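Here the structure is a predicted model, which means the values were calculated and not measured. These values consider heavy atoms only, across backbone and side chains, with no hydrogens, waters or symmetry-generated copies.
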Amino acid sequence: SIQKMLGFTPEERMRQDVTEQVTPASMTVIEAILAKELEREQLGTGDPDRSLKVEVEYFRKDGSTVWVENLVSWIRDDHGVPIGIHGVSRDISERKRMEEELRESEERFRALSENAPDIIYTLNLQGAVTYANPSWKHILGHDEEEIIGRYFVDFAREEDRKTYRKLFKDIRDGHKTVSNHIGIMLTRDGEERVFNMNSSFNRDSEGRMIGVVGTMKDITEQREMERKLNHAQKMEAIGTLAGGIAHDFNNLLMGIQGY
């Protein structure tokens, strides 16, 4: 098995020093664990049946490395004194690769989220906020400790909370996606801000649903400009209509004057 995993024959492996077998970082971990366990033995607090799970990065014969999980325990003499170590090892390279990919994915998400101009948030299965990016503070004014753990609807107007609860249940229970919902949220000072909201269910690395992830784009100024534009267009239409009526009325008067 060792030849299949590492490329070394058992005889070759037995001739190697431990420093030749593991990477320097893993060697540091091994030394720290060994020192702690020896201290426990000297203090008399060691457990004869204790086993440790240690993850170590080994060198292969071709120079590459492999992550291995070792389940180790002391070999003891008749008096219970440690005289060696025995263990069982298994290749966990694939698991480590997946963990690294997940970590990199989380780092990319965090970098993107923390620099995004829109609010990005996550909720747990009960509807409480578990994460909010810095834009929440910038736009709505709440500090992180005022956001995390509170329900999303706590930041909404009373008349909108029923709608938000229904949308949340549609996502959580019906696995639906909410797109371009126009809603209002309250700032720390109680002012209303208008948002274009998008949200969907959130899953962990194993595909289990853990809550909701969403974004909110502040369109307050845009909506105000649209309102003013609509008002101006209405006034222009009224002016045009009034001008037309005046023109037609003037034609009638000219006819009357002719008679």
Peer 1: Taking atom types as modelled, is there a side-chain donor on D189 or T187 under 3.5 Å from an acceptor on the other?
Peer 2: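 There is no such pair (donor and acceptor under 3.5 Å, judged by atom type) between the side chains of D189 and T187.
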
Peer 1: Mind telling me whether H181 and Y164 have parallel, tilted or perpendicular rings, with 30° and 60° as the class edges?
Peer 2: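 Perpendicular: the ring planes of Y164 and H181 meet at over 60°.
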
Peer 1: Would you indicate whether D17, at its atom CG, is surrounded by more than 12 heavy atoms from other residues, nucleotides or ligands within a distance under 6.0 Å?
Peer 2: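 Yes.
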
Peer 1: Do S113 and Y131 get their side chains close enough for a donor-acceptor pair, meaning under 3.5 Å?
Peer 2: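 Short answer, yes.
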
Peer 1: Any ion pair linking E94 and R97 (charged N to carboxylate O, less than 4.0 Å)?
Peer 2: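 Yes.
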
Peer 1: Between E57 and T65, is any side-chain donor less than 3.5 angstrom from a side-chain acceptor?
Peer 2: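 Yes, a side-chain donor-acceptor pair sits under 3.5 Å.
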
Peer 1: Just so I know, are the side chains of K61 and L6 near enough to count as touching, which here means a heavy-atom distance under 4.5 Å?
Peer 2: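 In short, these two side chains do not touch, never coming nearer than 4.5 Å.
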
Peer 1: For the pair F155 and H142, name the ring-plane relationship: parallel under 30°, tilted 30 to 60°, perpendicular over 60°.
Peer 2: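 Perpendicular.
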
Peer 1: Any heavy-atom pair between the side chains of W74 and R50 that's under 4.5 Å?
Peer 2: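 Heavy-atom side-chain distance check fails, nothing below 4.5 Å.
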
Peer 1: Of all residues at least two apart in sequence or in a different chain, which pass the salt bridge (charged side-chain N to carboxylate O under 4.0 Å, His left out) check with E159?
Peer 2: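 Residues passing salt bridge (charged side-chain N to carboxylate O under 4.0 Å, His left out) with E159: R157.
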
Peer 1: Would you indicate whether M209, at its atom CE, is surrounded by more than 12 heavy atoms from other residues, nucleotides or ligands within a distance under 6.0 Å?
Peer 2: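 Buried by this count: over 12 neighbours within 6.0 Å.
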
Peer 1: Atom CZ of residue position R110 - does it have more than 12 heavy atoms of other residues, nucleotides or ligands inside 6.0 Å?
Peer 2: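 No, the 6.0 Å shell around CZ holds no more than 12 heavy atoms from other groups.
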
